[in-house]
Undergrad: 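The structure follows.
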Amino acid sequence: MANSVEKQANVIGAPFGAHSPKRLGGADLFAIRRPLPRTVSVVLSVSFFVLLFAGWMVISATGMVSDFFLPSPSQVLRSAWEMYTEKGFLWDIAISIYRVFVGFCIAASVALPLGLMMGSVQFFRSLLEPCLAFTRYMPATAFIPLLVLWLGIDDAQKFSVIVVGTFFTLTLMVMVSTTAVSLTLIEAAIMLGAKPKQLIFKVILPAAKPAIFNDLRIVLGWAWTYIVIAEIVAASSGVGYVILSASRFMDTATIFVGIISIGIIGLISDLLFNISGRYLFPYLQRTRS
Amino acid sequence: MSDIIRINRVSKTFGEGASMVTAMEDVSLTIKAGEFIVFLGPSGCGKSTLLRMIAGLSDTSRGSIMVDGRAVDGRDPSVGMVFQTYTSFPWLTVQDNIGFGLDLANTGSRARTEKVDSLLKRVSLTRFAKSYPSQLSGGMQQRVAIARALAVEPQILLMDEPFGALDALTRVEMQTFLLDLWSQDQKTVIFVTHDIDEAMLLADRIVVFSPHPGRIAEIIDVDIPHPRTIDETEREDFDRLRHRLRRLLFSMAKNAA
Ligand SMILES: Nc1ncnc2c1ncn2[C@@H]1O[C@H](COP(=O)(O)OP(=O)(O)O)[C@@H](O)[C@H]1O
Ligand SMILES: [Mg+2]
């Protein structure tokens with residue numbers, strides 16, 4: 001039990017283990033499955049970012065690569081400043097977030113109940129799984145031209161690209177997370193008098209919730225890939241559109257700002273998921289009194 | 001006392017054709033109300049399978065099981081179960097775990113609170129009412145599981161190696177606790193184990209199973225009066241019984257090899 005709780009805790013982004021080692025020789029830094037003190041972990045994470053940044057600075061300072069291909073950090077920072085303060089890039093970000101949010105909500109609002117039913121009742125699984133698994137392997141990006149034909153280049157088309165890109169896999173992931181609920185837990189509830197509907201909503205759903213929550217977190221990341229592609233193909237606003245326009249002017253610094261901004265949005269959304277996970281699933285904190 | 005469980009020529013097979021396994025063959029047994037029955041046998045001899053059939057979690061392949069005069073057909077409200085693995089609902093506090101069955105039946109909040117509080121007291125977990133299962137030790141978790149099963153007031157309690165995952169000391173504690181509980185309200189208990197000492201300490205009757213396929217090898221009355229404590233397992237008559245059970249189980253192991 002302690003074990004399975006630990007696994008779930010890892011899922012929502014808790015660190016490697018619960019205790020910290022007493023001494024920290026060189027070998028301990030690389031010990032297998034041994035947790036590191038929080039400060040050491042933070043220093044490691046930050047220094048890698050610093051290292052990347054420093055490497056980037058060195059490469060552009062020495063002129064090894066022309067700044068047409070690789071703009072210098074200062075160029076990118078200047079570009080970022082202009083974009084955020086003068087060119088209304090925040091507005092484009094807001095539009096992209098809105099599109100991702102709506103598209104993802106549409107996909108999730110169908111995928112969650114469907115995955116839950118497929119993971120709980122074999123009938124629905126047998127009925128739908130092969131079809132979903134088949135559709136999942138059709139690349140969402142290949143649907144874009146078709147979706148443009150059907151829906152034009154308005155927001156409806158953006159939403160639909162995200163739905164096509166995330167819905168099928170999300171449904172299957174929710175199904176797997178639902179199936180992972182232990183049968184004994186379900187049987188224990190049956191022996192306490194749970195009827196099928198109660199089993200689904202009072203046992204299977206709450207038991208699978210942390211894993212499903214993690215599925216949502218992962219798939220939301222993919223939604224960002226799809227929105228940028230959709231906006232690059234056909235749009236007049238959004239991050240993808242800004243990136244495409246910049247490439248027409250060979251403005252690599254702006255492209256960099258667009259890409260890095262999406263990375264930062266991803267980090268923030270992960271952070272929000274982790275924080276709300278801690279709030280939603282307090283029982284996953286491994287405090288033993 | 002009246003018969004509360006009648007198992008009549010029950011067989012159970014799993015799978016079909018070449019991969020068919022006979023887990024249980026032609027088992028008959030009658031259990032009286034208020035008895036403490038222990039199923040003893042090496043693992044794989046069908047103890048869990050029979051318990052699940054009594055619980056209505058699994059169908060018989062042949063034969064019939066009657067509980068309280070009714071043929072078993074799915075879960076019966078007069079039957080409760082405690083499992084070997086910890087099955088507390090991790091997202092519910094201890095008190096909500098215990099109240100789970102009452103909530104399913106929409107018990108009024110007054111009655112629910114009273115019931116949960118009295119059960120918390122009985123299993124000595126009042127202090128942990130608002131803790132989550134992951135914060136409890138194994139023994140405490142099994143006490144939650146027992147309280148949760150008792151909350152819906154079954155007449156019959158089925159226990160499938162409930163203390164199997166506990167350390168030796170906690171296990172003895174839990175056995176004593178269970179005997180205490182049982183002496184207070186005389187429920188019918190069927191307790192599965194492969195531990196000879198545990199069987200002797202708890203049982204009115206020990207039903208010894210042999211494997212391949214699961215059959216009843218012997219039914220042994222334990223004439224040592226209740227209340228029993230762990231000290232009494234040192235007694236001479238316990239020693240004789242222990243030897244007899246050991247020989248029985250070892251001869252099975254030899255036959256199987
Ligand atoms: N669901 C199942 N499918 C196939 N075989 C099973 C299943 N459950 C139990 N068995 C088989 O039935 C036999 C008895 O199992 P079980 O009742 O679990 O034994 P015990 O509880 O005495 O250890 C074993 O040989 C086991 O492999
Ligand atoms: Mg078993």
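Letters A, B, ... are given to chains in the order of the sequence lines, protein chains preceding strands, and every chain is numbered from 1. What you are looking at is a predicted structure, and each value in this text was computed from that prediction instead of being measured.
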Undergrad: Would you say that A:P210 contacts B:W91 through its side chain, given a criterion of any heavy-atom pair below 4.5 Å between the two side chains?
TA: no
Undergrad: Would you say that more than 12 heavy atoms from the other residues, nucleotides or ligands in this model lie under 6.0 Å from the CZ of B:R127, or not?
TA: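 Atom CZ in B:R127 is not crowded, with 12 or fewer foreign heavy atoms closer than 6.0 Å.
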Undergrad: If you measure from NZ on A:K202 to CZ on B:F89, what distance do you get to the nearest 0.5 Å?
TA: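 A:K202 atom NZ to B:F89 atom CZ measures 11.5 Å (nearest 0.5 Å).
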Undergrad: Please list, in residue-number order, every residue in residues 178-194 of chain A that has a heavy atom less than 4.5 Å from any heavy atom of chain B; write 'none' if there are none.
TA: A:T184, A:L185, A:E187, A:A188, A:A189, A:I190, A:M191, A:L192, A:G193, A:A194
Undergrad: For B:F177, look at atom CZ and say whether over 12 heavy atoms of other residues, nucleotides or ligands are found less than 6.0 Å away.
TA: yes
Undergrad: Checking B:V79 against chain A: side chain, backbone, both or neither under 4.5 Å from a heavy atom?
TA: both
Undergrad: Quick check against the 3.5 Å criterion: does B:S134 have a side-chain atom that pairs as donor or acceptor with the backbone of A:Y283?
TA: yes
Undergrad: Under a 4.5 Å heavy-atom cut-off, does chain A meet the side chain of B:R148, its backbone, both or neither?
TA: both
Undergrad: Residues in side chain to side chain contact (heavy atoms under 4.5 Å, CB included) with B:M140, at least two apart?
TA: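 Here the qualifying residues are B:L125, B:F128, B:L136, B:S137, B:R143.
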Undergrad: Report the residues that fulfil side chain to side chain contact (heavy atoms under 4.5 Å, CB included) with A:D270, sequence neighbours left out, ordered by chain and then residue number.
TA: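 If we apply the side chain to side chain contact (heavy atoms under 4.5 Å, CB included) test to A:D270, skipping adjacent residues, the hits are A:R217.
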Undergrad: Can you name the residues that form a side chain to side chain contact (heavy atoms under 4.5 Å, CB included) with A:A111, not counting sequence neighbours?
TA: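 Residues passing side chain to side chain contact (heavy atoms under 4.5 Å, CB included) with A:A111: A:F167, A:L170, A:T171.
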Undergrad: Got a sec: does the CD of B:Q184 have more than 12 other heavy atoms crowding it under 6.0 Å?
TA: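 Yes.
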Undergrad: Kindly check if the number of other-residue, nucleotide or ligand heavy atoms within 6.0 Å of CZ (B:R112) is above 12?
TA: yes
